[in-house]
Amino acid sequence: MSASFVALGSVEAVRPVFLIVMGAFLALIAWRLARTSGLWTSRFLVAGALLLAFGYSVLMPLYHAGVIRYYFPGVNYQGDSSAVIAWHVVKLVVMNSGWLLFGLGVALHANLFPSPYARRSRAIRTVSPHESVA
Amino acid sequence: MNPLLEVILQNGLLLDAAGAIGIGLFGLAAVRLARQQQSWGGNMMAVGAISLLIARLYLVISPFMVNDDVLHSIGPVGVSLTIGVPPLLLTFGLASIVWGLWGHERWMRATNR
């Protein structure tokens with residue numbers, strides 16, 4: 001058994017591996033769900049799921065592995081502070097906008113917002129074109 | 001520092017709010033799916049969204065609220081809870097969201113067939 005496999009199967013590595021699997025699976029399921037739904041619903045779903053998959057299966061394991069260091073305000077990082085800050089900003093944007101887009105997509109999928117088209121068509125139906133105007 | 005990065009860093013709370021709104025929408029949609037379409041995945045997704053929301057809110061407000069006095073008053077068990085519970089909530093929240101989404105997708109495929 002090679003050393004790399006032992007490192008991958010250790011308790012320390014369980015959470016990053018779990019996050020990688022979850023991110024990939026989330027993108028897969030969202031894509032399958034998006035195939036059966038409308039245009040903008042599937043756009044929101046797939047965009048959010050891809051952002052979340054990048055965040056969960058690439059960024060978070062990199063943070064856990066120590067490749068990227070966590071950003072704390074007021075800490076001097078001795079030279080590579082710009083990389084730490086840039087990755088922190090990337091993480092903020094990717095995770096939050098990913099959840100926002102994915103939540104919007106699932107909300108549209110669940111018809112959480114009443115569609116304006118239905119209301120407009122109902123308003124038109126109240127006045128029949130064959131009604132006497134006089 | 002790059003002014004764009006600075007602006008994003010200073011408005012990090014807004015981005016966190018956007019993420020919380022997204023998770024809240026997700027939870028509402030999950031509850032609606034569970035109630036209207038009797039999809040068991042909806043319950044799972046709602047539980048996951050709630051636990052993610054709790055952990056995220058804690059992580060957002062903890063720099064403002066948790067200081068040495070608070071940590072001293074809640075004792076060692078409380079301190080270890082503040083360290084251990086948010087990652088657990090995040091992990092199992094994500095797991096139940098993905099599980100619920102999978103169940104909902106399978107359920108939709110089974111009813112549409």
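The figures here come from the full heavy-atom set of this structure, side chains too, leaving out hydrogens, waters and symmetry mates. In this text, all values refer to a predicted model and were calculated from it rather than measured experimentally. Sequence lines set the chain letters: A, B, ... in the order given, protein chains first and strands last, and positions in each chain run from 1.
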Between B/Asp16 and A/Asn96, is a side chain to side chain contact (heavy atoms under 4.5 Å, CB included) present by the stated rule, with each step listed?
CA-CA 6 Å; B/Asp16 279 328; A/Asn96 289 317; 3.4 Å; yes

CG (B/Asp68) with more than 12 external heavy atoms under 6.0 Å:
no

Does CH2 belonging to A/Trp40 count more than 12 external heavy atoms closer than 6.0 Å?
no

Could you tell me which of B/Leu28, B/Ile8, B/Leu33, B/Thr91 has the largest number of non-hydrogen atom pairs under 4.5 Å with chain A?
B/Thr91

Is it possible for you to say whether A/Met22 and B/Ile50 belong to one hydrophobic cluster, with membership spreading through side-chain heavy-atom contacts below 4.5 Å?
no

Report whether B/Trp107 and A/Leu45 are members of the same hydrophobic cluster (ILVMFWY, side-chain heavy atoms less than 4.5 Å apart, transitive linking).
yes

Given the rule in the side chain to side chain contact (heavy atoms under 4.5 Å, CB included) test, do A/Arg15 and B/Leu90 qualify, once you have shown the distances and angles that lead to the verdict?
CA-CA 11 Å; A/Arg15 191 160 186 266; B/Leu90 285 178; 3.9 Å; yes

Heavy-atom pair count under 4.5 Å with chain A, highest-scoring of B/Leu52, B/Leu15, B/Leu101
B/Leu15

Check whether A/Ser97 gets within reach of chain B through its side chain, its backbone, both or neither, counting any heavy atom under 4.5 Å.
neither

Side-chain touch B/Glu105/A/Arg35, heavy atoms, less than 4.5 angstrom
no

Tell me, for B/Ala49 versus chain A, whether the close heavy atoms (under 4.5 Å) come from the side chain, the backbone, both or neither.
neither

Are A/Val93 and B/Leu9 in one and the same hydrophobic cluster, where Ile, Leu, Val, Met, Phe, Trp and Tyr link if side-chain heavy atoms are under 4.5 Å apart?
yes

Most chain B-contacting option - heavy-atom pairs closer than 4.5 Å, from A/Val21, A/Ile29, A/Leu108:
A/Ile29

Verdict with supporting geometry, B/His104 and A/His109, side chain to side chain contact (heavy atoms under 4.5 Å, CB included):
CA-CA 12 Å; B/His104 173 68; A/His109 171 78; 3.0 Å; yes

Could you tell me whether the side chain of B/Leu94 reaches within less than 4.5 Å of the side chain of A/Leu19, counting heavy atoms only?
yes

Over 60° means perpendicular and under 30° means parallel, so tell me whether B/Phe26 and A/Phe102 are parallel, tilted or perpendicular.
parallel

Could you walk me through whether B/Met108 and A/Arg32 pass the side chain to side chain contact (heavy atoms under 4.5 Å, CB included) test, one step at a time?
CA-CA 11 Å; B/Met108 263 191 68; A/Arg32 282 172 66 104; over 6 Å; no

Once rounded to the nearest 0.5 Å, what's the spacing between atom CZ of A/Phe18 and atom CZ of B/Phe92?
7.0 Å

Minimal heavy-atom distance between A/Leu112 and B/Arg32, with the atoms involved, is CD1-CD, 3.6 Å

Is there a chain of hydrophobic side chains (I, L, V, M, F, W, Y, each step under 4.5 Å between heavy atoms) that links A/Val94 to A/Val67?
yes

Which portion of B/Arg106 sits near chain A, non-hydrogen atoms under 4.5 angstrom:
neither

Establish whether A/Tyr70 and A/Val90 are linked, either directly or via other cluster members, by ILVMFWY side-chain heavy-atom contacts under 4.5 Å.
yes

What is the minimum heavy-atom distance between A/Ala110 and B/Ala29, and which atoms define it?
CB-O, 3.7 Å

What's the spacing between B/Ile23 CD1 and A/Leu100 CG if we round to 0.5 Å?
10.0 Å

